[in-house]
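Within every chain, numbering begins at 1; the chains are lettered A, B, ... in the order of the sequence lines, protein sequences first and strands thereafter. Any value given below was found using the heavy atoms of this structure, including those in side chains, with hydrogens, waters and symmetry copies removed.
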2 protein chains.
Amino acid sequence: MADPNLGVLLFIPYRHMEQRIIAALNRAGYPVTAAQAHIFQRINDEGSRLVELAEAASTTKQNAGFLVDQLEKQGYVERVPDPRDARARLVRITARGREAVAVAAGVEAAIEREWREHLGADETEQLRAALLRLRQITDPYA
Amino acid sequence: MADPNLGVLLFIPYRHMEQRIIAALNRAGYPVTAAQAHIFQRINDEGSRLVELAEAASTTKQNAGFLVDQLEKQGYVERVPDPRDARARLVRITARGREAVAVAAGVEAAIEREWREHLGADETEQLRAALLRLRQITDPYA
DNA sequence: CTATAGTAGTCAAATGCATTGACTATTTTC
DNA sequence: GAAAATAGTCAATGCATTTGACTACTATAG
């Protein structure tokens, strides 16, 4: 791997962060898988519909439903009826879910500090800025 | 998703590139899955051992073997005995495999050009440089 | 030169993840 | 009010990945 392409270069630190966050959650007593986390991350504070989650995570609604079932069984989320549409239900984060989010946020902040130390503050901000701009042309749900 | 963390920001363009490359390979008559591609990418010109591929792709040797089986059936790779160690076999890319690599490389180059147009040449080079430095502290097999 | 530990790879079973297709219930549109 | 679209579920299937146990071969130490 002398000169890996940008895709691989993006993937390496991504995977590193994901693995560390998931390992930390497991150690702290909040078991989650990567697939569950992908869905979980997209739930917003007012609650999100299944279809929204599926789209945002680039998967099918069936798969999203399957993963939400698991998150629900573990007590991280709950499903409540959507008052605005009787077909829909809102997936909301529970108190326990919020605890898990706090643990994940802590680890993520620690990793970002490590990266900032290694890269320097300027280069880190440039990296973030470049990734935000890249998102404009690569994220269909931005 | 007002202020996504760096992990998510890394993932978005990575996935975009991966999906486009795989879609292009399928269209060109070289069907591959993402998992197969992860292994395939790590095979070097002299041929690679299964254990090396498994480590580089962060998976088990069983899983690597399973995916190499599939790549072999589709004619992208072949397994030859390793002359230096009778226990081992070398996974090598076939002529057909190299055709697929060429298609993938073409699409990847096209995507990098798009990104460069959107970000500008300087910012693209800064991005690449930052990712290479980040790799130093996030890739166990760098 | 032989006993031992380590390495390369396979076999088999089980689980997790993701997809497709078909279906119900509800809302929107015309 | 009828037709089309949307939110979600059920069921079946295949792909991806893991764990544990195993065979074959190599390297090392005594």
**Student:** Of all residues at least two apart in sequence or in a different chain, which pass the ring-ring contact (aromatic ring centres under 6.0 Å, His included) check with B/Tyr30?
**Tutor:**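 Once residues adjacent in sequence are excluded, B/Tyr30 has no partner under the ring-ring contact (aromatic ring centres under 6.0 Å, His included) criterion.
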
**Student:** So does B/Ala56 get a backbone contact from the side chain of B/Arg42, meaning a donor-acceptor N/O pair under 3.5 Å?
**Tutor:**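 Confirmed, B/Arg42 side chain pairs with B/Ala56 backbone.
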
**Student:** Starting from C1' on D/dC10, measure out to CZ on A/Phe66 and report it in whole angstrom.
**Tutor:**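 From A/Phe66 CZ to D/dC10 C1': 13 Å.
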
**Student:** Base, sugar-phosphate alone, or nothing: which one does A/Thr60 contact when heavy atoms must sit under 4.0 Å apart?
**Tutor:**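 Base contact - A/Thr60 has a heavy atom under 4.0 Å of at least one base atom.
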
**Student:** List the atom of B/Gln36, the atom of B/Pro31, and the distance in Å for their closest heavy-atom pair.
**Tutor:**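 Between these two residues, the closest heavy atoms are OE1-O, 4.3 Å.
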
**Student:** Do the charged groups of A/Arg116 and A/Glu125 touch, with an N to O distance under 4.0 Å?
**Tutor:**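 Salt bridge: yes.
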
**Student:** Compare every heavy atom of A/Val103 with every heavy atom of A/Ala28, then report the nearest pair and how far apart it is.
**Tutor:**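 So the minimum-distance heavy-atom pair works out to CB-CG1, 4.2 Å.
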
**Student:** List in numerical order all residues of residues 19-27 of chain B for which some heavy atom is under 4.0 Å away from an atom belonging to DNA chain C.
**Tutor:**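 Within residues 19-27 of chain B, no residue comes under 4.0 Å of DNA chain C.
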
**Student:** Closest heavy-atom contact between A/Ile12 and B/Arg135?
**Tutor:**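 So the minimum-distance heavy-atom pair works out to CD1-NE, 3.7 Å.
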
**Student:** OP1, OP2 of D/dA16 versus side-chain N and O of B/Thr59: anything below 4.0 Å?
**Tutor:**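 Checking B/Thr59 against D/dA16: no side-chain N or O falls below 4.0 Å of OP1 or OP2.
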
**Student:** If you assign each of A/Gln70 and A/Ala86 to its closest nucleotide in DNA chain C, which residue comes earlier from the 5' end?
**Tutor:**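 Result of the comparison: A/Gln70.
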
**Student:** Around atom CD of A/Glu114, are there more than 12 heavy atoms of other residues, nucleotides or ligands at under 6.0 Å?
**Tutor:**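 More than 12 within 6.0 Å, yes.
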
**Student:** Short of 4.0 Å, heavy atom to strand atom, which residues of residues 28-35 of chain B count as contacting DNA chain D?
**Tutor:**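 Contacting residues: B/Thr33, B/Ala35.
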
**Student:** Charged N to carboxylate O below 4.0 Å: is that the case for B/Glu108 and B/Arg20?
**Tutor:**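 Judged by the 4.0 Å cut-off on N to carboxylate O distance, B/Glu108 and B/Arg20 do not form a salt bridge.
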
**Student:** Who passes salt bridge (Lys or Arg N to Asp or Glu O under 4.0 Å) against A/Glu18, sequence neighbours left out?
**Tutor:**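 Applying salt bridge (Lys or Arg N to Asp or Glu O under 4.0 Å) to A/Glu18 gives none.
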
**Student:** Hey, any chance A/Leu71 and A/Val51 share a hydrophobic cluster, counting ILVMFWY side chains that come within less than 4.5 Å of each other, even indirectly?
**Tutor:**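 Shared cluster, no.
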
**Student:** Scan nucleotides 3-9 of chain D nucleotide by nucleotide, 5' to 3', and note B when protein non-hydrogen atoms come under 4.0 Å of the base, S if they reach only the sugar-phosphate, - if neither.
**Tutor:** --BBSBB

**Student:** For B/Leu67 and D/dC15, give me the distance from atom CG to atom P, rounded to whole Å.
**Tutor:**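 After rounding, the gap between these two atoms is 11 Å.
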
**Student:** To the nearest angstrom, how far is B/Glu55 atom CD from C/dG9 atom P?
**Tutor:**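 After rounding, the gap between these two atoms is 12 Å.
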
**Student:** Picking from B/Val91, B/Asn44, B/Leu67, B/Asn63, what satisfies side chain to side chain contact (heavy atoms under 4.5 Å, CB included) with B/Leu53?
**Tutor:**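 So the option named by the test is B/Val91.
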
**Student:** Separation of A/Asn63 atom CG from D/dA11 atom P, in whole Å?
**Tutor:**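 Interatomic distance, CG of A/Asn63 to P of D/dA11: 17 Å.
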
**Student:** Take A/Leu131 and A/Leu10 through the side-chain contact (heavy atoms from CB on, under 4.5 Å) test and state the conclusion after the steps.
**Tutor:** CA-CA 10 Å; A/Leu131 291 173; A/Leu10 290 161; 3.8 Å; yes

**Student:** Could you please spell out the steps behind the side-chain contact (heavy atoms from CB on, under 4.5 Å) verdict for A/Trp115 and B/Leu134?
**Tutor:** CA-CA 7 Å; A/Trp115 291 3; B/Leu134 218 42; 3.6 Å; yes

**Student:** Just how far, in rounded Å, is P of C/dA8 from CG of B/Leu53?
**Tutor:**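 So the CG-P distance, B/Leu53 to C/dA8, works out to 12 Å.
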
**Student:** For the helix from C/dC1-D/dG30 to C/dC30-D/dG1, what angle lies between the axis at the first five pairs and the axis at the last five pairs, to 10 degrees?
**Tutor:**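 End-to-end axis angle: 30°.
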
**Student:** CZ of B/Arg92: more than 12 outside heavy atoms within 6.0 angstrom?
**Tutor:**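 Incorrect, the count does not exceed 12.
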
**Student:** Would you kindly give the CD1-to-C1' distance between B/Ile39 and D/dA16, to the nearest whole Å?
**Tutor:**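 About 11 Å, once rounded to whole Å.
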
